[in-house]
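No experiment lies behind these values; they were computed from the predicted model shown. These values consider heavy atoms only, across backbone and side chains, with no hydrogens, waters or symmetry-generated copies.
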Amino acid sequence: MIRNEKENKAALKASIVFCNWNGGEDIIKALESVAKQTYKNIEIIVLDNGSLDGSPDAIIHNFENVKLIRSGSNLGFAGGNNLGISHATGDIIFTINQDVILTENFIEKIIEYFESAPDSVGVVGGKILRMNAKTIDSAGLKLSRSRRFFDRGSEEKDSGQFDKTEEVFGICAAAAAYRKTMLNKISGFDFHNCFDERFYLLVEDVDLAWRARHSGYRAIYHPEAVCYHVRGGAGWRNKNKQ
């Protein structure tokens with residue numbers, strides 16, 4: 001049987017993984033944005049990193065289709081996402097920060113790109129803006145010749161300077177989509193090695209991008225997919241550190 005175009009688009013299953021730590025209203029708003037996605041072949045996983053603010057119970061109460069996993073302690077961003085990824089069954093695995101709001105077609109735009117991309121494309125990300133919708137948060141990761149890394153366009157006004165789909169060094173893990181086959185290869189099929197847990201918090205996405213490139217995979221920035229990032233969400237606004 002020959003599948004039509006619509007059926008082909010539905011072939012790739014997306015796993016949306018959140019690492020929640022005292023996410024408060026931010027994680028609720030983030031999950032609400034996932035519930036509004038135009039792409040429906042998804043599963044939603046929330047790994048709770050030992051939150052004390054009641055957000056896990058709020059998630060259970062408001063979102064019956066969310067798979068909530070309680071770590072019992074704070075594993076950090078790297079460890080928490082790794083544990084969430086270990087429960088993912090999708091072909092494409094999204095890591096989404098608890099303080100990120102997705103536009104309604106974000107998942108669809110990313111999946112559409114993967115559908116037509118070669119297998120060498122291992123990670124795809126969209127344009128991440130601040131909540132004012134005017135300031136760039138990240139247009140992909142860039143590594144300088146001196147091996148310093150940074151988010152392209154960070155703090156710049158969005159004037160269309162990053163409106164071209166193009167290859168980048170890597171994608172900020174606040175809103176990134178990874179081929180599961182790539183994660184399996186670079187981790188040696190050990191979910192603890194997707195993000196290097198020695199980093200705990202910060203630069204784990206740069207390290208993953210480095211390992212992916214050394215394994216022959218490419219990262220693509222696709223600005224048709226847009227999302228908004230509070231940066232420093234509810235968990236960070238608490239005085240406790242991750």
Side-chain angles (χ1 to χ4, degrees), residues 12 14-21 23-47 59 63 66 77 81 84-85 88 90 92-114 117 121 123-142 150-166 168 170-179 202 204-206 208-209 219-236:
L12 288 180
S15 296
I16 318 300
V17 177
F18 288 92
C19 180
N20 177 58
W21 183 72
E25 293 183 2
D26 285 342
I27 185 64
I28 299 301
K29 292 177 181 178
L31 288 169
E32 287 174 346
S33 74
V34 174
K36 296 175 183 177
Q37 290 299 297
T38 55
Y39 195 81
K40 301 302 182 183
N41 189 15
I42 66 175
E43 66 176 355
I44 308 168
I45 299 167
V46 176
L47 184 286
I59 292 169
F63 304 97
V66 171
F77 184 86
N81 270 300
I85 289 170
I92 307 298
I93 299 176
F94 290 74
T95 57
I96 306 295
N97 270 22
Q98 65 187 33
D99 59 349
V100 165
I101 304 296
L102 306 179
T103 54
E104 292 186 0
N105 65 353
F106 182 87
I107 302 298
E108 181 176 6
K109 289 295 184 180
I110 297 293
I111 293 294
E112 282 180 348
Y113 191 88
F114 271 115
V121 172
V123 55
V124 177
K127 180 188 288 187
I128 308 176
L129 300 174
R130 297 290 173 82
M131 293 303 292
N132 62 14
K134 299 178 181 179
T135 306
I136 296 173
D137 186 74
S138 179
L141 299 174
K142 183 174 182 178
F150 53 91
D151 289 288
R152 295 196 314 158
S154 180
E155 306 294 342
E156 294 181 18
K157 180 180 178 181
D158 181 22
S159 301
Q161 68 271 44
F162 294 105
D163 280 356
K164 177 185 176 182
T165 296
E166 57 189 328
V168 291
I171 299 297
C172 174
Y178 306 95
R179 282 193 195 272
L202 301 177
E204 71 294 314
D205 48 5
V206 177
L208 190 153
I220 300 295
Y221 166 72
H222 187 48
E224 291 182 20
V226 177
C227 63
Y228 306 102
H229 190 194
V230 174
R231 188 169 285 273
W236 286 99

Going from [atom1] on [X] to [atom2] on [Y], what distance comes out if it is rounded to the nearest 0.5 angstrom?
X    : Y    : atom1 : atom2 : answer
L31  : F18  : CG    : CZ    : 5.0 Å
I171 : L141 : CD1   : CG    : 6.5 Å
S154 : I128 : OG    : CD1   : 10.0 Å
M131 : H229 : CE    : NE2   : 10.0 Å
D26  : I101 : CG    : CD1   : 7.5 Å
K109 : L102 : NZ    : CG    : 14.5 Å

Can you give me the closest heavy-atom contact between [X] and [Y], atom names plus distance?
X    : Y    : value
V168 : A139 : CG1-O, 4.2 Å
A175 : C227 : CB-SG, 3.7 Å
G126 : I110 : N-CD1, 4.1 Å
G90  : S15  : N-OG, 2.8 Å
F114 : V121 : CE2-O, 3.7 Å

* Show your reasoning for whether side chain to side chain contact (heavy atoms under 4.5 Å, CB included) applies to F63 and E32. => CA-CA 9 Å; F63 304 97; E32 287 174 346; 3.8 Å; yes

Is [Y] close to [X] at the side-chain level, that is, under 4.5 Å between some pair of heavy atoms?
X    : Y    : result
L208 : Y178 : yes
R179 : I92  : yes
N81  : V17  : yes
I45  : V66  : no
F94  : I111 : yes
Y228 : D137 : no
P223 : T165 : yes
L129 : T135 : no

* To do: Using the side chain to side chain contact (heavy atoms under 4.5 Å, CB included) rule, take I220 and V123 through it: C-alpha gap first, then chi angles, then the decisive distance, then the call.
  => CA-CA 6 Å; I220 300 295; V123 55; over 6 Å; no

* **Neighbour count >12 (heavy atoms, 6.0 Å) for atom NZ, K40** =>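 Yes, because the 6.0 Å sphere around NZ of K40 holds more than 12 heavy atoms from other groups.
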
* In sequence, state the C-alpha distance, the side-chain angles, and the governing distance for F77 and D205, and then conclude on side chain to side chain contact (heavy atoms under 4.5 Å, CB included). => CA-CA 10 Å; F77 184 86; D205 48 5; over 6 Å; no

* To do: List the steps, then state whether side chain to side chain contact (heavy atoms under 4.5 Å, CB included) holds for L12 with Y39.
  => CA-CA 10 Å; L12 288 180; Y39 195 81; 4.2 Å; yes

Say whether, by atom type as modelled, one donor and one acceptor occur between the side chain of [X] and the main chain of [Y] under 3.5 angstrom.
X    : Y    : answer
T95  : A173 : yes
Q161 : K157 : yes
N97  : D99  : no
E224 : F106 : no
Q37  : E108 : no

* To do: Name all residues meeting the salt bridge (Lys or Arg N to Asp or Glu O under 4.0 Å) criterion together with D158; count only those two or more places apart in sequence or in a different chain, and write none if there are none.
  =>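 By the salt bridge (Lys or Arg N to Asp or Glu O under 4.0 Å) rule, D158 matches K127.
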
* Is the NZ or CZ atom of R152 positioned over F162's six-membered ring, under 6.0 angstrom from the centre and within 45° of the axis? ->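 Because its charged atom misses either the 6.0 Å distance or the 45° angle limit, R152 does not stack over F162.
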
